[in-house]
**Student:** 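My structure is below; once you've seen it, I'll send some questions.
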There are 2 protein chains.
Amino acid sequence: MAMMNEAATDRETELIARLQSAGYRLTPQRLALVRLLAHDTSHPSADQIYARLRADFPTVSLATVYNTLDVLVELGEALPLDLNEGSTRYDVRRPSAHPHVVCRLCGRVDDLEMDDLAEFVRKARSRTSYGDLHPRIYFEGICPTCAASTERRSEE
Amino acid sequence: MAMMNEAATDRETELIARLQSAGYRLTPQRLALVRLLAHDTSHPSADQIYARLRADFPTVSLATVYNTLDVLVELGEALPLDLNEGSTRYDVRRPSAHPHVVCRLCGRVDDLEMDDLAEFVRKARSRTSYGDLHPRIYFEGICPTCAASTERRSEE
DNA sequence: TTAGGTGCAAATCATTTGCAATCTC
DNA sequence: GAGATTGCAAATGATTTGCACCTAA
């Protein structure tokens, strides 16, 4: 647990440093947004980020949220996830491309550790004439919570 | 070549049979759409299908194209591809989930043969508590054509 | 005759953009 | 003061929907 908090704090500091050294201004909203995202493991959408940010900054606009997310993506510090879910979700804690699982029912998103991803990508490269290949991998499924409630329902 | 045409014709017949046995009417538009898709290897978007269909059926509407595509997807005969490209592309020739490559520059889409996909999916299943897992895998890259023209441009 | 199909126009929803006001270096 | 940042409202673009008409078993 101590490790997790440490890591999260590190990520926050890292992001702030990154934004500043890239010449971006660190406004109160941006600071709050970065803090939010550095600690958030839920892979939120722009809309969800907007809703949470408004608790502290009632005047913040959705456009600003999108703006800041774009900046983070440009810097390679946020990974946009297109999970066929309507809206784009963002992974700011681990911005390098990695697989995810999405719950088909509730939209919950989790990271998926695939230690053989590199091998998989290497094989893909060897089987296509396309260059500069980057993986976009996720799995649709049913999360444990939804599975449990579905089961309960069918037992009735 | 003979094999390809045969396979394509088979797919066309297959699709027609599938639609009819599922109780769907085979209207002239649907027939034309199915024919188009059975032979099309370009993974077209609804819009592209619409444009081509209008050559033969000037009054066809985009809503009808979406309708018919939805029917095919429901029957498991079309694979919708969300390639982070703005619009959904469709693979009707090989409707079972398989990896693709997309060109970042021109949007070209090709199938990618990954004979170890099953193994990869098996490993994913063993590493998550999500059930009923289905893969959504594609790679972004630069197609040979775009790579060639980019090279040419930088040589000038 | 009746449910399935069709076409049009309007609605929806995520995202982007124009622009004037504001802030920061 | 120049350039970045913000917020609002309007624009965009893919997809869906409401609804009246049509058409084949």
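Every chain is numbered from 1 and lettered A, B, ... according to where its sequence line falls, protein lines coming before strand lines. As a basis for the values below, the full set of heavy atoms in this structure was taken, side chains included, without hydrogen atoms, waters or symmetry mates. All values reported here derive from a predicted model rather than from experimental measurement.
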**Student:** Phosphate oxygens OP1/OP2 of dT6(D): is one of them under 4.0 Å from a side-chain N or O of Thr27(A)?
**Tutor:**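 Yes, such a contact exists.
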**Student:** Compare side-chain N and O positions of Thr88(A) against OP1 and OP2 of dT15(C) and report whether any pair is under 4.0 Å apart.
**Tutor:**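 Answer yes for this pair, as a side-chain N or O of Thr88(A) is under 4.0 Å from OP1 or OP2.
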**Student:** For nucleotides 2-4 of chain C, give me every protein contact, N/O to N/O, under 3.5 Å, one pair per line with atom names.
**Tutor:**
none

**Student:** Is Leu37(A) close to Leu69(A) at the side-chain level, that is, under 4.5 Å between some pair of heavy atoms?
**Tutor:**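 Of all side-chain heavy-atom pairs linking Leu37(A) with Leu69(A), at least one is under 4.5 Å.
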**Student:** Evaluate the side-chain proximity of His100(A) to Leu81(A): yes if any heavy-atom separation is below 4.5 Å, no if none is.
**Tutor:**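 SC-SC contact between Leu81(A) and His100(A) confirmed.
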**Student:** Do NZ/NE/NH1/NH2 and the carboxylate oxygens of Arg104(A) and Glu140(A) come within less than 4.0 Å?
**Tutor:**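 Judged by the 4.0 Å cut-off on N to carboxylate O distance, Arg104(A) and Glu140(A) do form a salt bridge.
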**Student:** Would you indicate whether the side-chain heavy atoms of Arg93(A) and Asp91(A) approach each other to under 4.5 Å?
**Tutor:**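 Yes, at least one pair of side-chain atoms sits under 4.5 Å.
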**Student:** Does any non-hydrogen side-chain atom of Tyr130(B) lie less than 4.5 Å from one of Leu112(A)?
**Tutor:**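 No, their side chains stay 4.5 Å or more apart.
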**Student:** If you measure only the distance, is there a donor-acceptor pair under 3.5 Å linking the side chains of His43(B) and Asp110(B)?
**Tutor:**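 No, Asp110(B) and His43(B) have no side-chain donor paired with an acceptor closer than 3.5 Å.
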**Student:** Please tell me if Gln29(A) has a side-chain N or O lying less than 4.0 Å from either OP1 or OP2 of dT5(D).
**Tutor:**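 Checking dT5(D) against Gln29(A), no side-chain N or O comes under 4.0 Å of OP1 or OP2.
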**Student:** Can Asp82(A) and Tyr138(A) be counted as having a side-chain donor-acceptor contact under 3.5 angstrom?
**Tutor:**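 No, no side-chain donor-acceptor contact under 3.5 Å.
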**Student:** Would you jot down, in residue-number order, the residues of residues 45-84 of chain A having a non-hydrogen atom under 4.0 Å from DNA chain D?
**Tutor:**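 Correct list: Thr59(A), Val60(A), Ser61(A), Ala63(A), Thr64(A), Asn67(A).
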**Student:** Will you find, in the side chains of Ser42(A) and Asp40(A), an N or O donor that is under 3.5 Å from an N or O acceptor?
**Tutor:**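 Indeed, the side chains of Ser42(A) and Asp40(A) share at least one donor-acceptor pair under 3.5 Å.
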**Student:** Round to the nearest Å and state the distance from Leu26(A) atom CG to dC25(C) atom P.
**Tutor:**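 Atom-to-atom, Leu26(A) to dC25(C), this comes out as 10 Å.
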